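Below you'll find the structure, written out as structure tokens, and then a few comments.
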Amino acid sequence: MKLPRASFLGTSAMLFEAEEALGLGVQERVWAVAKAAEAWPGVQEAVPGMNNLTVAFDPFALPSEALVQQVHAAWFHAPAVEGQTKTVELPVVYGGERGPDLAAIAERTGLEVATVVRLHSEARYAVFFLGAHPGFAYLAGLDPRLHTPRRAEPRLHIRAGTVAIGGAQAGVVAQNSPSGWQLIGHCDPSFFDAHRTPPTLLCPGDTVVFRATRIDT
């Protein structure tokens, strides 16, 4: 097992990057270490990312050398993540005005539009982490045949609920925002509500399933 690479983010935060290939097993280890680190004296916050962990700490209470040792020890002995996870099914209308890149992805991959939809909706996705904007989940599990580079020029106004592909990842735009991802459809659930507990519909460790309701042209 390779221990994560440590680097400084200023004087009171460190980034720990996994040296192993991206995968659910490594991501589960990131979650476990983040959960353990939150209880360490001197740690102010532990934020899991995609194949990495950021730890904010008080360098007077916890020297950086000690923090690295603790993270490495926890990484080596990380237990299975305990907690409540769920499966979320998202009904999707593929294509049309809200999925304008569906046909382009089919052309790029050499697949029929119906096949692109089938491959996307048959997969089961794991929420690796939340980022970019409130409620946006980076999803792993996209069929390799659908891996598609992001657009060279991002669109400036994308509606919340837009289902998208970005490289090897899938996701759903959670807020009206710019995006350079490839847009293939739309779903209606609210992905972020500050008055809800938890405020995000999706949480790290959850499973996401897309269900095709129709394909628009």
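These numbers come from a predicted model, not from an experiment.
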Look at the rings of F136 and H133 and say which category their plane angle falls in: under 30° parallel, 30 to 60° tilted, over 60° perpendicular. tilted
Do [X] and [Y] come close enough that some side-chain heavy atom pair is under 4.5 Å?
X	Y	value
R211	P91	yes
T87	D206	no
C187	V163	yes
W40	V55	no
C203	P198	yes

Which distance, rounded to the nearest 0.5 Å, do you find between the [atom1] of [X] and the [atom2] of [Y]?
X	Y	atom1	atom2	value
S121	I184	OG	CD1	9.0 Å
T207	K86	OG1	NZ	10.0 Å
W75	E19	CH2	CD	9.5 Å
I105	I165	CD1	CD1	4.0 Å
F16	N52	CZ	CG	11.0 Å
L15	T54	CG	OG1	4.5 Å

Hey, mind stepping through L111 and L119 against side chain to side chain contact (heavy atoms under 4.5 Å, CB included) and telling me if it holds? CA-CA 10 Å; L111 301 170; L119 293 176; 3.8 Å; yes
Taking all non-hydrogen atoms of both residues, which atom of [X] and which atom of [Y] are closest, and how far apart?
X	Y	value
Y138	W181	CE2-CZ2, 3.9 Å
R150	Q182	C-NE2, 3.8 Å
A194	F192	N-CE2, 3.9 Å
A137	V127	CB-CG1, 3.8 Å
A34	A46	O-CB, 3.6 Å

Go through it in stages, so that I can follow the logic: the residues are R196 and S190, the test is side chain to side chain contact (heavy atoms under 4.5 Å, CB included), and I'd like the CA-CA distance, side-chain angles, deciding distance and then a yes or no. CA-CA 11 Å; R196 187 171 58 197; S190 170; 4.1 Å; yes
Start with the C-alpha distance between N51 and V30, add both sets of side-chain angles, then the distance that settles side chain to side chain contact (heavy atoms under 4.5 Å, CB included), and finish with yes or no. CA-CA 7 Å; N51 238 33; V30 169; 5.5 Å; no
What residue pairs, at least two apart or across chains, pass ring-ring contact (aromatic ring centres under 6.0 Å, His included) with a residue in residues 194-216? H120-F210, Y125-F210
Check this for me: R118, atom CZ, are more than 12 non-hydrogen atoms of other residues, nucleotides or ligands nearer than 6.0 Å?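 Yes - once you tally the heavy atoms of other residues, nucleotides and ligands closer than 6.0 Å, there are more than 12.
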Report the C-alpha distance between V33 and V71 in whole Å, list the side-chain angles of each, state the deciding distance to 0.1 Å, and finish with yes or no for side chain to side chain contact (heavy atoms under 4.5 Å, CB included). CA-CA 7 Å; V33 176; V71 168; 4.2 Å; yes
Using the salt bridge (charged side-chain N to carboxylate O under 4.0 Å, His left out) rule, take R155 and D101 through it: C-alpha gap first, then chi angles, then the decisive distance, then the call. CA-CA 12 Å; R155 295 182 173 94; D101 298 320; 2.8 Å; yes
